[in-house]
Every structure is written in structure tokens, then in C-alpha cells.
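Worksheet: one structure, shown below.
Numbering of residues begins at 1 and proceeds along the displayed sequence.
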Amino acid sequence: MKLHHGARGQAGCSFLLPFAEQVLRLNFLYQTFAMRYLFLCLFSTLLLSASAQLFRVPYPAKHYKENLDGRLLLLLSKKTSGEPRFQIADGPETQMVFGMDVENWAPGTTLSVQGKDVFGYPIEQLSAIPAGNYTVQVVFHKYETFHLKNGKVVKLPMDRGEGQHWNLAPGNPYSTPKRMNVNPRFKSIAIVEMDKIIPPIEEPKDTKYIKHIKIQSKLLTEFWGRPMYLGAHILLPEGFDEHPDVRYPLAIFHGHFPEDFGGFRTTPPDPNLKPDTVKRFNLIGYNKIVQQEAYDFYKQWTGPNFPRVIAIEIQHATPYYDDSYAVNSANMGPYGDAITYELIPEIEKRFRGIGQGWARFLYGGSTGGWEALAAQVFYPDAYNGCYAACPDPIDFNHYVTMNIYKDKNAYYLESDFKKTLRPGHRNYLGHVSATVKDMNHRELALGTKSRSGDQFDIWEAVFSPNGADGYPKRIYDKYTGVIDQEVAQYWRDNYDLTHIIQRDWPKIGDKLKGKIHIYVGDMDNFYLNNAVYTAEDMLKQLKNPSCNCEVDYGDRAEHCWNGDHTQPNYISRLRYHSMFINKWTKELLANPPAGADVKSWRY
């Protein structure tokens, strides 16, 4: 029975054996296929990486003979008109840029735009761009070597009269834009030759009313280890030549790099001017409005009732930005002292300024708004009033949309599970067109080590301590956004204007009371109104003495509202000189300092 049972059992399993073998065989085949598929995928990835389209750029022998340092920028645009170098932006209209640092580029050699050191915006890697037809262009942003006073050596783009713009800087070689079919999946080599060079910029010429001055700064030359200059465009009052014994107050307009004195025109608008289109204001023909406002200001300036003052616009571009922020800085040197103690006294000496603190005042918007307030706070005896419109962040608890003291990341809201990007730019309805990460990654593509020549990088260059490598210490990792709290505390102690005013009020309060005026739209495009809110709360609480300051907001007004409730922003932004020169003069006459001459210049 056992045998039969055994035989029966063996016979009973015999039909299952082939099935089990099939299962094992299928499993083996599946694993083999999976391994081969995985290998094929890896091989394809490596092949794709190895065969991706390559851009090669020969040394610009047509323009240079020596070794070059700088930033090589490859630009790709879907647009068929215009140049890609003018089409990089924070918003959705942007085209693509890929940048790589270059050192000691020798004549006769060719650079390949590839590898881990190439970073792009808004797409990070060249291998990830969509295949298609593009307008391709290359620009080389040339750097110089600076031997700093602190013993460190840095390589930076010296301003060459353009106001620190990589796409306009004289001496930068670039290529003629060309349409190309670009496909990162197929191996091909595109040679892009820089056949052109950006020409020098002609300096503005003196006229009857507008003069120009340029001086070598002893303080800045010592800091940078090479000759450094400051300049200014000077608008002389009507009757200046006819009143040779009169000395005048000084109106100091702070702002971005001015090519010449802006907003002043001695002739009516050009009747043949082709109307432009300004998307921001939804206007056609804004260029004619600008010319008309400039001509109207000329008529006011030369009319019988306008205050007779000297108005100036300062040129203080640095190797990091189009201006210095008018303060002393560990990374850029003593620009605050150089402007206040070298440039301004020289202007007053040459053009008969009164030359005393009570007879100087500051005004400006955006960067210029921050500078006006900062210079008044740091040099309270040197100036007699500031009018700060839409100032850059004056309280770093609201550094645009982040709090550098409490937040851990500049790009994302803190969350256990969700990454929400911080907004960076909006319109008056609150619609967001760019994030803080977008804006910083664009800068990172344009330049490493705070060398993009743009907004967040200049704040680092002004506010940060100097790093071990000679460049500014990062307030946050430029790629990840992780904030450095040690650097944040340095910012607080040295450049957080709200904190500094409150901290130092017992020492400077008597010198600042009544001198601070701040204006901002409550829908500022860059969220600058948020810092003004907390600054206003602090100013209201100041005692012994009370601040007697002015803070005003424009309803639904964007950047850069300046306190005029009667006009739309696109008009009032053109009237800084007429608004604030009149306003300061009235305030001065209402409470003139003892012994001050407030009559001779009011002819």
C-alpha cells in the first residue's frame, strides 16, 4: 500500500512539475529582462549625456591678445527678433541663459560650454532644454583682478561707464545672434564665435544748466588697490552765472546709475518720436510723456517761483553693482565716507554750495530711497532731511518676503511635507510673476560669488561681512536658499535701518527728529511695504525726543510710489525733483536753523 501510495503520490505531482519549472523559467527571464532594461537605460543616459549638443566658443582673438577672466554666458531664445542678451528676465517672458566661470582663457584655445560648472536659468542644465529652433548668442563678461586693502585678491567686472550691466558693458565681446536647431539628444557641435565687441560709451557733455564732475577717491583707491572714481551730474539753478556771490543749498538725488541728469529737457517733445509700448503701465507713447514731463520740469526750474538750489545725481557704480548704496561696506569699501567727505565737498567748492549740513538734503526711490534714509541715519549731521520713496528693505524682519532672523530658508515656507515657494514679484492685484528662487537662480546663472550685478547679490555685497575668499559671505545658499544665521546677525547690527534707528535713538534722536519721510505703495511689486509697516510702528514709539516723522502709503500703488496722491504712479515717478525740492524748501523756511542764510538764494 505504501508503494502504491507512493506511486500514486508521485503520479499525482507529475503534472505540477512542468508548471513549476515554467514559473521558475519565467521568473529568470523577467529578472534577466529587467537587468538588461536597467542596463540599457543607464547606457542610454550615459550615451545621451555624452552625445548632447555641444557649444564651443573660440577665444576672441579679434578683440584681445592676453589671458582673460570672466563669465561666459550662452543665451538661447525662442524669439526670432531682438538679441537674446536683452531677453533674460525674472518673469515668464524670460528666455534661457547658461553661465560658466572662466579663468586664464588663453589665446588660441576654445571653451566648451559643458560640465557641472555650467548653471542655467530658468532651466538648470543644457541637456534638459526642449529640442527646437533657437536664436543663439554668446557674451563674455570680462573681469579684472583687484588686490584689496585687506590682502585678498578678487576678480570682478569693473564698471566701464554703463552702470554695471553685463549685456551693455564696453569691452565685452559677443556674437551675432544666429538661428540654430538645438537638440540635446543628438550629438553635434555648434561653434559660436564672438565677432563683435561692445563699444565705449561717450561721456555726456556740459550744457548751460548741466555740468559733470569726476574725481579720484583717495579712500576708495586705497581700498580697491587701483584708481577708483566718483562722479556726479549737476543741475545748476537759473541765474547761477548772474549771481556770482550767491551760495546754494544742495539737493542730492539718490538712485540707480544715471547716464546723465535725468528728467530735464530744454526743448519740447520730439514730434517725430515713435511711440513706445510700456506693458507695466499699459500705455502706448510713454516715451513722449517722459519727454513732456522733462520739458515741463525745465520750465519750472527756470521759472520765477522755483527754489534756487543745486541738484545732483551721483555716479558711484562699483565692481558689484550700478551703485554703492552710499554706505561703508566690508566688501566694497568706504563709499559712504567717500561720497559725504570727498565728492560732496568738492561739488560745493566748485559750484558754490553753502557747504553746511543744514543746507543739504537727500531724496530718491527704491535703491535711492534706501540710500537716502541710510545716509541720513549714518551721517545725521551732514544732511538735513531725507525723502525715501519705496525704499529697499529697511527692516530685515521683512527682507522682501522672508524674515532672515527667524526663517530657515529664503526660497520656501517652512513645512513638514509641502514646499511652497516664496513670491518675489507681483502686480497691484497680487498676481505673482516670479518667486524669490527664480530671481536668485537667474542671478546665479549670470554670476557666482555675488557677481551677477543684480539686486540680491548687491544686497549681499553691501550688507555681508567679507568672506575668507575675499567675496561677500552668503546670507543664504544661492542654490538651496538655506539661511546663515550668523551672517543675518551681522546684517542686523550693521544695516537693518529700523533696528539701528531704535538702538541708537538716544544718541542720534535729536539730530534725526523731523528729518525722516518714507513713502511706499501698499502693493509694491517687491513687497517693500512690509518692512515699512514695522518701521512705522517703531518710529511711532520713539521718545525723548519723539520722531515727528512722516510715513505715507499709496492705495494699490506699485513700485515706486513716492507720496503723490494726486497723480498715477507713471506720472509721479517722473516728478521727484519738483516734488521734493519744493517740499524741503517749505519745511526749511518754516523752521530755519539759527544763523542760516535762507534769503540770498531765493531770488
Side-chain angles (χ1 to χ4, degrees), residues 237 243 246-254 300-301 303-312 340 344-345 347-348 352-365 368-369 371-389 391 394 497-498 500-502 504-520 532 535-536 538-553 562-566 575-603:
H243 297 79
V246 173
R247 293 188 173 274
Y248 301 91
L250 193 66
I252 303 161
F253 180 64
H254 274 295
Q300 292 180 53
W301 183 261
N305 300 317
F306 202 87
R308 305 307 182 199
V309 303
I310 300 169
I312 67 171
T340 300
I344 287 177
I347 292 171
E348 292 171 327
R352 304 201 314 266
I354 291 172
Q356 297 179 35
W358 71 263
R360 305 182 190 121
F361 75 97
L362 310 139
Y363 59 110
E371 291 170 338
L373 179 59
Q376 182 66 74
V377 170
F378 292 143
Y379 302 93
D381 293 316
Y383 305 106
N384 187 29
C386 70
Y387 302 85
I394 58 176
L497 297 182
T498 298
I500 291 169
I501 292 171
Q502 185 175 38
D504 296 346
W505 192 252
K507 295 184 294 183
I508 62 178
D510 285 324
K511 300 176 181 180
L512 289 183
K513 61 181 180 181
K515 294 184 178 181
I516 296 175
H517 310 263
I518 304 174
Y519 314 96
V520 69
V532 174
E536 181 188 23
M538 179 276 298
L539 294 173
K540 288 179 177 178
Q541 296 172 13
L542 294 174
K543 303 295 182 183
N544 300 318
S546 297
C547 183
N548 191 26
C549 302
E550 178 190 16
V551 181
D552 196 8
Y553 303 94
N562 60 10
D564 187 348
H565 290 277
T566 68
R575 297 181 177 180
Y576 275 80
H577 300 302
S578 59
M579 283 178 58
F580 293 121
I581 291 174
N582 275 304
K583 186 175 177 67
W584 176 81
T585 302
K586 291 177 182 178
E587 292 180 358
L588 174 69
L589 296 180
N591 188 26
D597 173 16
V598 295
K599 292 183 179 180
S600 65
W601 47 273
R602 291 168 50 224
Y603 51 78

| Considering residues at least two apart in sequence or located in another chain, which fulfil the ring-ring contact (aromatic ring centres under 6.0 Å, His included) criterion with Tyr553? | Tyr533
| said: Tell me every residue that passes ring-ring contact (aromatic ring centres under 6.0 Å, His included) with Phe253, counting only those two or more places apart in sequence or in another chain. | reply: Tyr363, Tyr576, His577
Nearest-0.5 Å distance, [atom1] of residue [X] to [atom2] of residue [Y]:
| X | Y | atom1 | atom2 | result |
| --- | --- | --- | --- | --- |
| Ile581 | Arg575 | CD1 | CZ | 14.5 Å |
| Ile344 | Ile252 | CD1 | CD1 | 3.5 Å |
| Lys540 | Cys547 | NZ | SG | 11.5 Å |
| Thr340 | Phe378 | OG1 | CZ | 11.5 Å |
| Glu536 | Ile516 | CD | CD1 | 12.5 Å |

| Pairs involving residues 589-603, ordered by first then second residue, that meet salt bridge (Lys or Arg N to Asp or Glu O under 4.0 Å) (sequence neighbours left out) | none
Closer than 3.5 angstrom, by distance alone: can the side chain of [X] be matched with the main-chain N or O of [Y] as a donor-acceptor pair?
| X | Y | value |
| --- | --- | --- |
| Gln376 | Leu512 | no |
| Asn548 | Gly514 | no |
| Trp505 | Pro545 | yes |
| Glu348 | Ile354 | no |
| Arg352 | Tyr248 | no |

| task | With sequence neighbours excluded, tell me which residues meet side chain to side chain donor-acceptor pair (under 3.5 Å) with Asp552. | result | His565
| Any residue meeting side chain to side chain donor-acceptor pair (under 3.5 Å) with Lys511, in chain and number order, not counting sequence neighbours | Asp381
| task | Take Leu542 and Ile501 through the side chain to side chain contact (heavy atoms under 4.5 Å, CB included) test and state the conclusion after the steps. | result | CA-CA 9 Å; Leu542 294 174; Ile501 292 171; 4.1 Å; yes
Would you call [X] and [Y] a side-chain contact if the rule is heavy atoms closer than 4.5 Å?
| X | Y | answer |
| --- | --- | --- |
| Trp584 | Pro249 | yes |
| Ile518 | Pro391 | yes |
| Trp601 | Ile310 | no |

| Does the side chain of Glu550 come under 3.5 Å of the side chain of Tyr387 through a donor N or O and an acceptor N or O? | no
| task | Could you walk me through whether Thr566 and Asp564 pass side chain to side chain donor-acceptor pair (under 3.5 Å), step by step? | result | CA-CA 6 Å; Thr566 68; Asp564 187 348; 2.5 Å; yes
| said: Run the side chain to side chain contact (heavy atoms under 4.5 Å, CB included) test on Phe361 and Val309 for me, step by step, so that the C-alpha distance in whole Å, both residues' side-chain angles and the decisive distance to 0.1 Å come before the verdict. | reply: CA-CA 11 Å; Phe361 75 97; Val309 303; 5.6 Å; no
| Full working for side chain to side chain contact (heavy atoms under 4.5 Å, CB included) between His254 and Leu362 | CA-CA 7 Å; His254 274 295; Leu362 310 139; 3.8 Å; yes
| Can the ring centroids of Phe306 and Trp301 be said to lie less than 6.0 angstrom from one another? | yes
| note | Looking only at heavy atoms, the pair that brings Cys386 and Ala372 closest together is CB-O, 3.4 Å
| field | Heavy-atom closest contact (Ala388 atom, Gly369 atom, distance) | value | CB-O, 3.2 Å
Distance-only donor-acceptor pairs under 3.5 Å for side chains of residues 588-596, two or more places apart:
none

